[in-house]
Every structure is written in C-alpha cells, then in structure tokens.
Amino acid sequence: MACANAHRVMAAGVVGGLTLYADSEHPEPSSRYLLAAGIGYGFGTLPDILEPAHHPNHRQFCHSIACAGAIAYGVYRAYKWEPEEAHEKWCRFILLAIGGAYLVHLAMDSTTPKGLPLV
C-alpha cells in the first residue's frame, strides 16, 4: 500500500509540476496544474490496476520497456498535436496527464531490484 501511495504522490507532483511549468509561459494565470496533479494522483497506479501485484513477478507487458516506449511515443504525439476545438484541447490535456502518470510509475518501478522486463 505504501508503494501505491508513493506512485500516486510522485505522479501528482511530476505531472502537476510539468503543467505548472508549461502554463507559466501563458500571460493569464491558470490552475490547470491542480487538475493535472489530480489526474496524476488518480492514474499513478494504472499499471498496477492493469497488472495487479499478486506475486513478485507480476510485471509483464504493462510494466515493460516496450510498453513504456509505446506510451512515451503516444505522449510525444499528443504533445505535438495542435488542437483547435476546445474539446480537443481538453482531450490532449488528459492524454498528456494520464500518459505522464503512467510513465512516472514505470520510471519508479525501473529503479527497483526487479526492474522492468523488455517486453
């Protein structure tokens, strides 16, 4: 349980902080970083929801380097996307926040003795 909380808090901090930094370039103040932090907190354990830790070797594809690469590519594409409609802008924001939270989780797991499998 403590590990799940660490994943959530770290994802909230990283995703919220990156959003705050990105929004600092805009002239009007925004509190989107709070929403981003909430999304990061809520989705910081998504890999463990997809692959529950029922045993020490639970890390399979959803915890793999290949999956991290695919998620990172999706986040990159969402970052480069220049939506015009308001609903598309919110979709981009949510995709970036969820993808960022997922990658934070995998980055944290990669530092453990079990690491991440290739596939």
Side-chain angles (χ1 to χ4, degrees):
M1 189 63 162
C3 187
N5 285 335
H7 283 107
R8 289 183 187 115
V9 170
M10 183 66 76
V14 170
V15 173
L18 287 172
T19 303
L20 181 62
Y21 175 77
D23 286 354
S24 68
E25 297 175 1
H26 299 292
E28 67 278 349
S30 172
S31 59
R32 289 180 349 135
Y33 70 95
L34 294 173
L35 178 58
I39 292 171
Y41 186 87
F43 285 89
T45 57
L46 183 57
D48 287 339
I49 292 169
L50 298 173
E51 288 175 349
H54 295 305
H55 55 81
N57 295 318
H58 76 283
R59 295 180 184 167
Q60 310 249 322
F61 180 75
C62 293
H63 280 86
S64 69
I65 294 171
C67 183
I71 299 286
Y73 181 70
V75 168
Y76 170 77
R77 293 296 304 258
Y79 179 76
K80 290 295 189 180
W81 180 26
E82 296 180 14
E84 296 178 12
E85 302 289 326
H87 71 279
E88 291 175 333
K89 291 178 182 180
W90 278 109
C91 183
R92 177 182 181 266
F93 174 79
I94 291 168
L95 287 171
L96 289 171
I98 293 173
Y102 200 107
L103 291 173
V104 167
H105 181 109
L106 294 184
M108 290 178 71
D109 281 359
S110 72
T111 66
T112 65
K114 286 279 185 187
L116 299 178
L118 184 58
V119 178

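Numbers here are sequence positions counted from 1.
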Given the rule in the side-chain contact (heavy atoms from CB on, under 4.5 Å) test, do I39 and V15 qualify, once you have shown the distances and angles that lead to the verdict? CA-CA 8 Å; I39 292 171; V15 173; 5.7 Å; no
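- Note on Y41 and I49: separate hydrophobic clusters, where clusters join Ile, Leu, Val, Met, Phe, Trp and Tyr whose side-chain heavy atoms are under 4.5 Å apart, directly or indirectly.
- What you find for G44 and A11 is that their closest heavy atoms are CA-CB, 3.9 Å.
- Not counting sequence neighbours, the partners of M10 by the side-chain contact (heavy atoms from CB on, under 4.5 Å) test are V14, V104, M108.
- Residues H105 and D48 are in side-chain contact: their nearest non-hydrogen atoms beyond the backbone lie under 4.5 Å apart.
- Put simply, V9 and L34 are part of two different groups of oily side chains (I, L, V, M, F, W, Y) that touch within less than 4.5 Å, one to the next.
- Once rounded to the nearest 0.5 Å, the distance linking NE2 of H63 with OG1 of T112 reads 9.0 Å.
- The distance from atom CD of E88 to atom CG of L95, rounded to the nearest 0.5 Å, is 11.5 Å.
- Closest approach of A12 and A37 over heavy atoms only: CB-O, 3.3 Å.
- Between F93 and I98 the shortest side-chain heavy-atom distance does not fall below 4.5 Å.
- Tracing side-chain contacts under 4.5 Å through hydrophobic residues (I, L, V, M, F, W, Y), one reaches L116 starting from L118; they form part of the same cluster.
- Annotation: side chain of K114 is not in contact with side chain of D109 (no heavy-atom distance under 4.5 Å).
- Scanning all heavy atoms of the two residues, the minimum distance from S64 to L106 falls at O-CD1, 4.1 Å.
- A continuous path of hydrophobic side-chain contacts links L103 to L50 [ILVMFWY only; heavy atoms under 4.5 Å].
- The environment of E84 atom CD is sparse: at most 12 non-hydrogen atoms of other residues, nucleotides or ligands sit within 6.0 angstrom.
- Side-chain heavy atoms closer than 4.5 Å link hydrophobic residues (I, L, V, M, F, W, Y) into clusters, and following such links, possibly through other members, connects L46 to I94.
- The two atoms that bring C67 and Y102 nearest to each other are SG-OH, 3.7 Å, heavy atoms only.
- Taking 4.5 Å as the limit, some side-chain heavy atom of W90 sits within range of a side-chain heavy atom of L35.
- The minimum heavy-atom distance between C62 and P47, with the atom names listed, is O-CB, 4.0 Å.
- Minimum interatomic distance between T45 and A4 (heavy atoms only, all atoms of both residues): CG2-O, 3.6 Å.
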Could you list the donor-acceptor pairs under 3.5 angstrom formed between side-chain atoms of residues 70-82 and any protein atom two or more places apart in sequence or on another chain?
residue, atom, partner, partner atom, Å
Y73, OH, R77, NH1, 3.0

